[in-house]
Amino acid sequence: MPELPEAETIARQLQRDLAGRTLGAVHLARTDIVHGDPTPLGELLPGRKVVRVYRRAKQVVIELAPPMQLIFRLGMTGRLTVVPVEAEIETHTHFRVVVAGTGGELRFRDPRRFGGIWVIREGSDYVGRRLAEVGIEPLEATTRQFRGVLSRRRQIKALLMDQSAVAGLGNIYCDESLHAAGIHPLTQADTLTAERALRLLRSIKSTLRRAIRCKGSTLMDYRDAEGREGSFQRLHRVYQREGMPCKTCKTSIRRITAAGRSTFFCPKCQRHVTRERSRGSSSRSG
DNA sequence: CGCATTTCCTGGAGGC
DNA sequence: TGCCTCCAGGAAATGC
């Protein structure tokens with residue numbers, strides 16, 4: 001399930017493989033996965049040059065010239081790979097575009113179709129909705145920004161999962177970060193002390209950085225742009241480890257539902273503190 | 001307002 | 001071997 005580290009891995013690899021290249025022939029097997037500009041991709045893409053590829057939230061953004069953005073959301077099972085044009089075409093490959101002069105092509109495959117492609121042309125206010133209207137980037141967030149996000153009365157797990165609050169965290173990295181910080185997933189965000197909030201931000205950053213170094217987590221479907229699996233799943237401390245011993249204290253990992261999702265935590269490392277700092281007292285203005 | 005539930009969708013797992 | 005049901009989950013819409 002591609003979250004921030006997986007999207008970052010793919011974006012870096014595509015930056016390396018595509019930047020400066022010109023796009024060629026397009027093959028679109030399904031039109032219903034494309035959103036935004038209604039002009040067919042077969043008319044828009046050939047001849048355009050890739051300026052750069054980067055990540056925003058969980059999305060991979062291909063910036064083109066003349067100005068245009070191709071935004072890929074990978075959903076649950078989305079794959080974005082660069083392969084030789086003659087490589088066998090897997091089922092559910094919805095989109096292909098030739099990368100001129102390389103013998104390769106970019107392919108988008110997504111069996112469950114929770115993902116999609118957003119086409120943004122110059123001057124479209126759609127840009128805002130896709131890229132700007134997501135929350136803070138956790139790797140770049142300052143303590144002050146993060147404290148601002150936490151100032152709402154919400155379950156910390158639900159808040160971290162909310163893309164309009166913090167961009168890029170999904171189920172895996174939420175649970176891993178909360179464990180690293182010793183915070184129970186049902187803790188009310190606005191009750192965390194400044195010290196624990198800082199510890200949480202540091203845990204999120206270190207967890208994401210280590211995951212990026214491992215090229216993400218592969219549980220089932222995820223592959224990077226080269227078609228390879230990530231390896232961070234070997235370092236998971238709680239995710240999908242229900243009943244197994246905590247890697248820190250040996251206590252049996254528990255599973256509950258929070259924010260409508262399976263949520264894994266260690267009941268000993270992550271005690272449910274309900275009252276840390278008195279709420280309401282000296283509420284800072286927003 | 002916040003949280004749970006439902007919807008989308010497919011393939012893998014488990015039961016028989 | 002094969003059929004059936006259940007289930008996972010990101011995001012958005014709906015319900016309480």
Side-chain angles (χ1 to χ4, degrees), chain A residues 1-8 10 29-36 55-61 71-80 89-95 108-118 126 128-135 138 148-178 184-192 208 211 216-223 229-230 233 236 238-243 253 255-265 272 274 279-280 283 286:
Chain A
M1 45 212 73
E3 303 179 26
L4 186 153
E6 290 77 20
E8 179 70 26
I10 291 169
R30 297 190 68 108
T31 53
D32 60 356
I33 59 152
V34 182
H35 313 269
R55 175 197 61 79
R56 175 75 171 109
K58 299 174 186 172
Q59 300 166 144
V60 175
V61 184
I71 302 174
F72 292 85
R73 187 196 282 172
L74 301 175
M76 283 296 299
T77 54
R79 276 189 204 174
L80 206 45
I89 297 166
E90 295 175 287
T91 54
H92 307 292
T93 298
H94 308 311
F95 166 80
F108 178 63
R109 171 180 191 264
D110 185 14
R112 275 176 226 183
R113 278 183 276 138
F114 280 13
I117 306 173
W118 278 259
Y126 214 73
R129 263 181 290 160
R130 296 305 327 158
L131 294 178
E133 292 177 18
V134 289
V149 168
L150 294 185
S151 67
R152 294 162 66 188
R153 189 148 193 83
R154 293 187 68 181
Q155 291 174 356
I156 188 65
K157 165 99 179 190
L159 186 59
L160 294 181
M161 291 280 285
D162 182 345
Q163 297 302 297
S164 69
V166 182
L169 292 180
N171 219 20
I172 296 174
Y173 299 106
C174 269
D175 285 6
E176 293 297 321
S177 299
L178 287 171
H184 190 286
L186 297 180
T187 307
Q188 293 295 327
D190 64 347
T191 65
L192 289 170
L208 292 176
S217 303
T218 296
L219 296 171
M220 291 285 288
D221 301 283
Y222 168 71
R223 298 291 185 279
E229 298 186 0
Q233 67 281 359
H236 289 179
V238 289
Y239 194 74
Q240 287 202 347
R241 298 194 67 246
E242 182 184 18
I253 298 299
R255 169 190 179 137
I256 58 173
T257 296
R261 292 284 167 262
S262 287
T263 298
F264 302 86
F265 70 102
H272 195 174
T274 54
R279 68 182 147 112
S283 65

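The shown structure was predicted, so the numbers you read here are calculated from the model rather than taken from an experiment. Letters A, B, ... mirror the listed sequences (proteins, then strands); counts begin at 1.
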K.L.:
Applying salt bridge (charged side-chain N to carboxylate O under 4.0 Å, His left out) as the test, list every pair that has at least one member in residues 162-173 of chain A; sequence neighbours left out.
P.N.:
A:R154-A:D162

K.L.:
Can you measure from NE2 (A:H236) to CZ (A:F264) and round to the nearest 0.5 angstrom?
P.N.:
11.0 Å

K.L.:
If you only use heavy atoms from C-beta on, which nucleotide in B:dT10, C:dA11, B:dA4 is closest to the side chain of A:R73?
P.N.:
C:dA11

K.L.:
Of A:K157, A:E176, A:Q240, which is the lone residue that meets side chain to side chain donor-acceptor pair (under 3.5 Å) with A:N171?
P.N.:
A:K157

K.L.:
Grab the CG-P distance between A:L159 and B:dA4 for me, whole Å please.
P.N.:
13 Å

K.L.:
From NE2 of A:H35 over to C1' of C:dA12, roughly how many Å is that when rounded to an integer?
P.N.:
12 Å

K.L.:
Using whole Å, what does the distance between atom P of nucleotide B:dG2 and atom CD of A:Q188 come to?
P.N.:
10 Å

K.L.:
Answer yes or no: does a side-chain N or O of A:K58 lie under 4.0 Å from OP1 or OP2 of C:dA11?
P.N.:
yes

K.L.:
Just the rounded figure in Å: distance from P of B:dC3 to CD1 of A:I156.
P.N.:
11 Å

K.L.:
Out of the candidates A:L80, A:I117, A:T77, A:L74, only one should pair with A:D110 under the side chain to side chain contact (heavy atoms under 4.5 Å, CB included) rule; please name it.
P.N.:
A:T77

K.L.:
Do the side chains of A:P138 and A:L208 get nearer than 4.5 Å, heavy atoms only?
P.N.:
yes

K.L.:
Rounded to the nearest 0.5 Å, what's the gap from CZ on A:F95 to OG1 on A:T31? Could you check?
P.N.:
13.0 Å

K.L.:
Scan nucleotides 4-8 of chain C against the protein and return all N/O pairs shorter than 3.5 Å with their distances rounded to 0.1 Å.
P.N.:
from	atom 1	to	atom 2	distance (Å)
C:dA8	OP1	A:R255	NH2	3.0
C:dA8	N3	A:R112	NH1	3.0

K.L.:
Do side-chain atoms of A:T187 reach the backbone of A:I156 as a donor and acceptor pair under 3.5 angstrom?
P.N.:
no

K.L.:
Could you go through nucleotides 5-8 of chain B and list every protein N or O atom that sits under 3.5 Å from one of its N or O atoms, giving the distance for each pair?
P.N.:
none

K.L.:
Measure the CG-CZ distance between A:L4 and A:R55 for me, rounded to the nearest 0.5 Å.
P.N.:
3.5 Å

K.L.:
Looking at B:dC9, I'd like to know if its phosphate oxygens (OP1 or OP2) sit under 4.0 Å from a side-chain N or O belonging to A:H92.
P.N.:
no

K.L.:
Just the rounded figure in Å: distance from C1' of C:dG9 to CG of A:L169.
P.N.:
16 Å

K.L.:
NA contact type, A:Q163, heavy-atom cut-off 4.0 Å: base, sugar-phosphate, or nothing?
P.N.:
sugar-phosphate

K.L.:
Please determine whether a side-chain nitrogen or oxygen atom of A:R113 lies at a distance below 4.0 Å from atom OP1 or OP2 of C:dA11.
P.N.:
no

K.L.:
Using whole Å, what does the distance between atom P of nucleotide B:dG11 and atom CD of A:E90 come to?
P.N.:
12 Å

K.L.:
Rounded off to whole Å, could you give me the CE-to-C1' distance for the A:M161 and C:dA12 pair?
P.N.:
14 Å

K.L.:
Atom CG of A:L219 to atom P of B:dG12: distance rounded to whole Å?
P.N.:
15 Å

K.L.:
To the nearest 0.5 angstrom, please state how far the CD atom of A:Q155 sits from the OG1 atom of A:T263.
P.N.:
8.5 Å

